[in-house]
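Inspection log for the structure reproduced underneath, given as structure tokens.
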Amino acid sequence: MKTSSKPIICCGFTPCVQRILEFPKVEKGIVNRASKVTIGIGGKGANTARMVKQQGGSPILVGFVGGANGTLLRQMLDTEDVGCRHVVVEGETRVCQTLVEAGNPETTELVEEMPPLSHDNWRHMMKLFESLELTGAIVPVSGKLPAGAPVDAYAQICRMVHEQGGRVILDAPGEPLLLALEHKPFMVKINDVELLQTMGGDDLLGACKELIASGAQAVLITRGGRTAFFVDSSRAFEIFPPKIEAVNPVGSGDAVTAGMAVALNNGSDISGALTNGMACGAANALNLVSGMLKLEDVERLSAQVRVAPLG
């Protein structure tokens with residue numbers, strides 16, 4: 001399928017500089033000396049935009065940056081040829097750290113919070129967003145809202161995109177998600193834990209139906225390396241991911257979003273989009289540095305994804 005040149009607008013309001021520290025062993029209460037440190041780009045929206053680019057798409061990353069860390073982040077985005085439109089804020093772009101232990105597939109994340117936004121920061125973001133071409137656009141929106149952003153921030157974005165005929169893929173839990181539903185996001189992508197925390201109870205498919213009744217056009221529930229579920233108003237699928245030996249699963253949820261966004265932007269149906277998304281999620285986990293896809297991995301893993309009717 002031919003790759004579309006239409007931009008995919010990736011909203012990630014809390015990007016970060018990501019440091020990956022490798023250790024022979026990590027122990028509490030003593031000095032741990034890293035054998036290797038890798039510095040890269042992090043944050044859900046930033047990772048999504050990078051992996052859109054790696055698939056041949058044309059991303060525009062929208063977010064906030066500040067300070068020397070923000071300058072470094074923009075330089076790294078430029079190096080990867082990822083298009084971006086940022087609002088510059090006071091304070092530093094956050095630094096997050098991933099601790100990797102030799103022979104241990106589990107990683108430890110040390111996550112900084114972004115400094116609070118001012119009212120003017122968000123007003124400037126909305127002015128920036130109004131300047132974007134949203135007609136028919138695929139708009140992945142992901143991540144925790146920064147302090148100082150209005151709780152209906154994602155609702156504001158969903159309204160603007162929906163009014164112009166675009167399609168939002170919303171990856172966010174809690175009240176920001178619930179407030180956005182009236183503006184009919186094309187798809188809510190959420191993991192099983194966040195879904196049940198947001199909706200209550202223990203019935204995943206029942207929670208999906210509640211989201212759809214409230215306005216979501218479709219819901220994709222991811223469950224790490226286990227099968228995922230897709231539900232819309234007329235059908236339900238179980239998606240069987242490839243079986244892999246994960247190196248670093250951080251960013252794999254963002255890879256799923258990026259894979260679906262590119263496939264949809266290229267005219268794929270939902271089954272093809274789910275297949276590409278799950279293959280990208282697995283491909284990301286094969287790399288130490290999150291937010292990295294090798295197209296040969298994606299192609300190989302796509303053949304292993306199975307999308308089956310549920311029930």
Side-chain angles (χ1 to χ4, degrees), residues 1-12 44-61 80 82 136-142 166-171 185-191 217-232 235-244 246 248-287 290-310:
M1 184 177 292
K2 184 178 179 181
T3 302
S4 171
S5 61
K6 186 173 183 60
I8 295 173
I9 299 168
C10 302
C11 298
K44 293 179 70 64
N47 274 337
T48 300
R50 295 169 64 217
M51 290 184 280
V52 164
K53 181 65 181 181
Q54 291 159 22
Q55 295 175 81
S58 301
I60 298 176
L61 174 62
E80 295 190 20
V82 174
I138 303 293
V139 185
V141 179
S142 55
R167 292 181 284 178
V168 170
I169 301 173
L170 179 58
D171 181 0
F186 173 76
M187 185 187 298
V188 172
K189 177 196 162 291
I190 190 167
N191 68 46
Q217 297 181 49
V219 181
L220 174 65
I221 311 169
T222 56
R223 302 191 299 158
R226 295 180 293 164
T227 60
F229 299 113
F230 171 86
V231 180
D232 66 13
R235 57 195 166 169
F237 297 129
E238 186 170 12
I239 307 104
F240 296 80
K243 294 192 180 300
I244 61 166
N248 180 9
V250 174
S252 286
D254 308 320
V256 172
T257 300
M260 292 192 300
V262 168
L264 291 167
N265 205 45
N266 292 343
S268 175
D269 62 12
I270 195 63
S271 179
L274 293 170
T275 297
N276 196 57
M278 296 301 284
C280 287
N284 171 80
L286 295 176
N287 302 300
S290 63
M292 294 294 293
L293 299 175
K294 297 174 183 175
L295 295 184
E296 59 269 28
D297 287 339
V298 175
E299 183 176 356
R300 173 176 55 83
L301 293 168
S302 291
Q304 302 175 33
V305 177
R306 184 163 62 91
V307 179
L310 187 65

Are any side-chain N or O atoms of [X] and backbone N or O atoms of [Y], one a donor and one an acceptor, separated by less than 3.5 Å?
X: Asn265; Y: Lys6; value: yes
X: Asn287; Y: Met292; value: yes
X: Glu238; Y: Phe230; value: no
X: Ser252; Y: Gly281; value: yes
X: Asn191; Y: Thr222; value: no
X: Ser268; Y: Leu264; value: no

What's the spacing between [X] [atom1] and [Y] [atom2] if we round to 0.5 Å?
X: Leu220; Y: Ile190; atom1: CG; atom2: CD1; result: 10.5 Å
X: Ile270; Y: Asp232; atom1: CD1; atom2: CG; result: 8.0 Å
X: Leu170; Y: Cys11; atom1: CG; atom2: SG; result: 10.0 Å
X: Cys10; Y: Ile138; atom1: SG; atom2: CD1; result: 10.5 Å
X: Ile244; Y: Leu301; atom1: CD1; atom2: CG; result: 7.0 Å
X: Lys53; Y: Ile8; atom1: NZ; atom2: CD1; result: 11.0 Å

Test item: [X] and [Y] side chains (from C-beta on) under 4.5 Å apart, heavy atoms:
X: Val305; Y: Pro242; result: yes
X: Phe237; Y: Val307; result: yes
X: Lys189; Y: Val256; result: yes

key: Trace of the side chain to side chain contact (heavy atoms under 4.5 Å, CB included) decision for Asn284 with Leu293   = CA-CA 5 Å; Asn284 171 80; Leu293 299 175; 4.0 Å; yes
Can you see which heavy atom on [X] is nearest to which on [Y], and at what distance?
X: Asn276; Y: Gly259; answer: ND2-O, 2.8 Å
X: Thr227; Y: Phe240; answer: CG2-CD2, 3.3 Å
X: Ser290; Y: Arg50; answer: O-NH1, 3.2 Å
X: Gln55; Y: Cys280; answer: OE1-SG, 3.5 Å
X: Gly251; Y: Asn47; answer: CA-ND2, 4.3 Å
X: Pro185; Y: Val188; answer: CG-CG2, 4.1 Å

message = For Arg306, I'd like to know if atom CZ has over 12 heavy atoms of other residues, nucleotides or ligands within 6.0 Å.
response =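 Atom CZ in Arg306 is not packed in, count stays at 12 or less.
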query = Could you go step by step and tell me if Val219 and Ile221 meet the side chain to side chain contact (heavy atoms under 4.5 Å, CB included) rule?
reply = CA-CA 6 Å; Val219 181; Ile221 311 169; 4.2 Å; yes
query = Can a donor-acceptor pair be found between the side chains of Asn266 and Ser4 at a distance below 3.5 Å?
reply =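 No, no side-chain donor-acceptor pair sits under 3.5 Å.
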key: side chain to side chain contact (heavy atoms under 4.5 Å, CB included) evaluation trace for Ile239 with Thr275   = CA-CA 8 Å; Ile239 307 104; Thr275 297; over 6 Å; no
request  = Just do the side chain to side chain contact (heavy atoms under 4.5 Å, CB included) check on Met187 and Met260 with the steps written out, would you?
outcome  = CA-CA 10 Å; Met187 185 187 298; Met260 292 192 300; 3.7 Å; yes
